[in-house]
J.: 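One structure, pasted below without further comment.
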2 protein chains.
Amino acid sequence: MRRIADSTVRRLSLYLSALEAFEAQGMTTVSSAALATRGGTTSAQVRKDLSFFGSFGKRGLGYASAELAARLRDILGLKRAYRLAFVGAGKMASALVNYRGFDQRGFHIQAVYDTDPSVIGQTWNGVTVRNAKQMVGDLKGNPVDIGVIVTPADAAQGVTDQLVQAGVKAILNFAPAPIMAPPDVSVKSVNLTLELEALSYALSNR
Amino acid sequence: MRRIADSTVRRLSLYLSALEAFEAQGMTTVSSAALATRGGTTSAQVRKDLSFFGSFGKRGLGYASAELAARLRDILGLKRAYRLAFVGAGKMASALVNYRGFDQRGFHIQAVYDTDPSVIGQTWNGVTVRNAKQMVGDLKGNPVDIGVIVTPADAAQGVTDQLVQAGVKAILNFAPAPIMAPPDVSVKSVNLTLELEALSYALSNR
DNA sequence: GGATGTGAATGTCTTCACAGCT
DNA sequence: AGCTGTGAAGACATTCACATCC
């Protein structure tokens, strides 16, 4: 299969959520123009994105919602469940762990780690916070698919290295610092400061 | 000034945080190669990014850390403070409002709104949660620079419309739904589900 | 020598526009 | 007629490579 750009994959995810909304409204068929409006792009972009994976639209009609949604779930690898480990048990981690949306979408939190003795042992949403020292050992016996880093900036690279050592192949980084991982490990970063600074730039240039 | 791509602006923000780390280590001068390593890019990219705004490096030496940092803060509009209003007072909002990093970087939370009577009146980090019905009126008399949406998906567009009506020109959206705003309003979205789905895609294609 | 600044070349993504199905 | 699928064109972003300066 040809390599698909990250921006394309992100749009596919948006199309899927749009499709779910359309299905909930009882629309059994949907046009590229409708998907474009909800995905914040153009109809040509939608068609091009989908055409990478074959042609499952009907000319003159559009796409069958349920069928396309199933295909997108397949492409995105969402037909299986994923296990997550959180590293860092601060307020942000607590908010994320208690968010029901992850579980609903098949992302199950298996473990939470921290170094602070005052939070180790607490139970969040059914998951007990464990000592970070046990992480690598735990994950070797009981692997997870995705590691979520929610530590302060200065701990992020060390945690990354440990996750890599434990065999984790995907990392979601919320720490306000870029992290480096080997090429076979996928990393996505969410940097709130960076988003605010991008808005700051936009506000001061108009 | 020439239009600068969003990706460039985001890298400038990374360079700034790298510079701050270098300065903290006492390095008074820094090369494009060093910035590239910490920013996850190449030295040519760093030089090209910076050259949009003039040439403030010294050939053979690199860039003066403090001077470049000041220039980046200027470019990014970070020499002033910004006022934020949060809409939605759930766990995620609570975690964000209690995060000290925003204040430190000049992003001050001025108000928090919700519709749930059981949270209205609570005080978080010195800010009292107010009734969302009062938002537009409040903001007209007491404007904010950036609105932060932390509501469920189905409320996001309605809140966006209200923020726009109240004259807000920048929005940071954490709700798991795309939102539409007029072109003079800058929008950045952070969609956790989307990030996890992008990792799912990466995991299932290797 | 060492690192910047920058045109040129390359690569990637998006938009256009229209032929081809239904 | 309506909407998809897709080559071609265009816009945009990144990388190369080297002259230039400290």
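Chain naming here is simple, since letters A, B, ... match the order of the sequence lines and numbering starts at 1 in each.
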J.: Within this structure, what is the CG-to-P distance between A/L68 and D/dC3, rounded to whole angstrom?
T.: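 Spelled out: CG on A/L68 to P on D/dC3 is 16 Å.
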J.: A/F56 has an atom CZ; how far is it from atom P of D/dT6, in whole Å?
T.: 11 Å
J.: Please name all residues satisfying salt bridge (Lys or Arg N to Asp or Glu O under 4.0 Å) with A/D116, sequence neighbours left out, ordered by chain then number.
T.: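 By the salt bridge (Lys or Arg N to Asp or Glu O under 4.0 Å) rule, A/D116 matches no residue at all.
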J.: Between B/R10 and A/E195 (salt bridge meaning N to carboxylate O under 4.0 Å), is one present in this structure?
T.: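 Counted as a salt bridge, because a side-chain N and a carboxylate O are separated by less than 4.0 Å.
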J.: Regarding A/K188 and A/D6, does a basic nitrogen lie under 4.0 Å from an acidic carboxylate oxygen?
T.: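 The answer is yes: the pair qualifies as a salt bridge.
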J.: Atom CZ of residue position A/R100 - does it have more than 12 heavy atoms of other residues, nucleotides or ligands inside 6.0 Å?
T.: no
J.: Which whole-number value in Å describes the distance from A/D49 CG to C/dT14 P?
T.: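 The distance from CG of A/D49 to P of C/dT14 comes to 7 Å, rounded to the nearest Å.
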J.: Yes or no on salt bridge (Lys or Arg N to Asp or Glu O under 4.0 Å) for B/R80 and B/D74, after CA distance, side-chain angles and deciding distance?
T.: CA-CA 9 Å; B/R80 53 163 290 201; B/D74 192 20; over 6 Å; no
J.: Separation of B/D6 atom CG from D/dA11 atom C1', in whole Å?
T.: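 Between C1' of D/dA11 and CG of B/D6: 16 Å.
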J.: Tell me the interatomic distance from A/L50, atom CG, to D/dT4, atom P, rounded to whole angstroms.
T.: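 About 9 Å, once rounded to whole Å.
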J.: To the nearest Å, give me how far apart OH (B/Y63) and C1' (C/dA3) are.
T.: 8 Å
J.: Using five pairs at either end of the helix from C/dG1-D/dC22 to C/dT22-D/dA1, determine the angle between the two local helix axes and round it to 10 degrees.
T.: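 Its terminal axes enclose an angle near 10°.
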J.: For B/F86 and B/F102, take the angle between the two ring planes, folded into 0 to 90°, and tell me which bin it lands in: parallel under 30, tilted 30 to 60, perpendicular over 60.
T.: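 Correct class here is tilted.
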J.: Can a side chain N or O of B/R3 be found less than 4.0 Å away from OP1 or OP2 on D/dC12?
T.: no
J.: Can you check the A/L35 CG to D/dT4 C1' distance for me, whole Å?
T.: 12 Å
J.: Return a single string for nucleotides 15-22 of chain C, one symbol per nucleotide in 5' to 3' order, where B is base contact, S is sugar-phosphate-only contact and - is none, cutoff 4.0 angstrom on heavy atoms.
T.: B-B-BBBB
J.: Calculate the interatomic distance between B/R71 atom CZ and C/dT4 atom C1'; express it in whole Å.
T.: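 Rounded to whole Å, this separation is 16 Å.
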J.: Between B/V30 and A/A5, which residue's closest nucleotide on DNA chain C lies nearer the 5′ terminus?
T.: B/V30
J.: It should be established whether B/S31 places a side-chain nitrogen or oxygen under 4.0 Å from OP1 or OP2 of nucleotide C/dA3.
T.: no
J.: Got a salt bridge between B/D145 and B/K169, using NZ or NE/NH1/NH2 to carboxylate O under 4.0 Å?
T.: no
J.: With a 4.5 Å heavy-atom cut-off, do A/V112 and A/R130 have their side chains touching?
T.: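 Side-chain contact under 4.5 Å: no.
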J.: Examine distances only and state if a side-chain atom of B/T37 and a backbone atom of B/A33 form a donor-acceptor pair shorter than 3.5 Å.
T.: yes
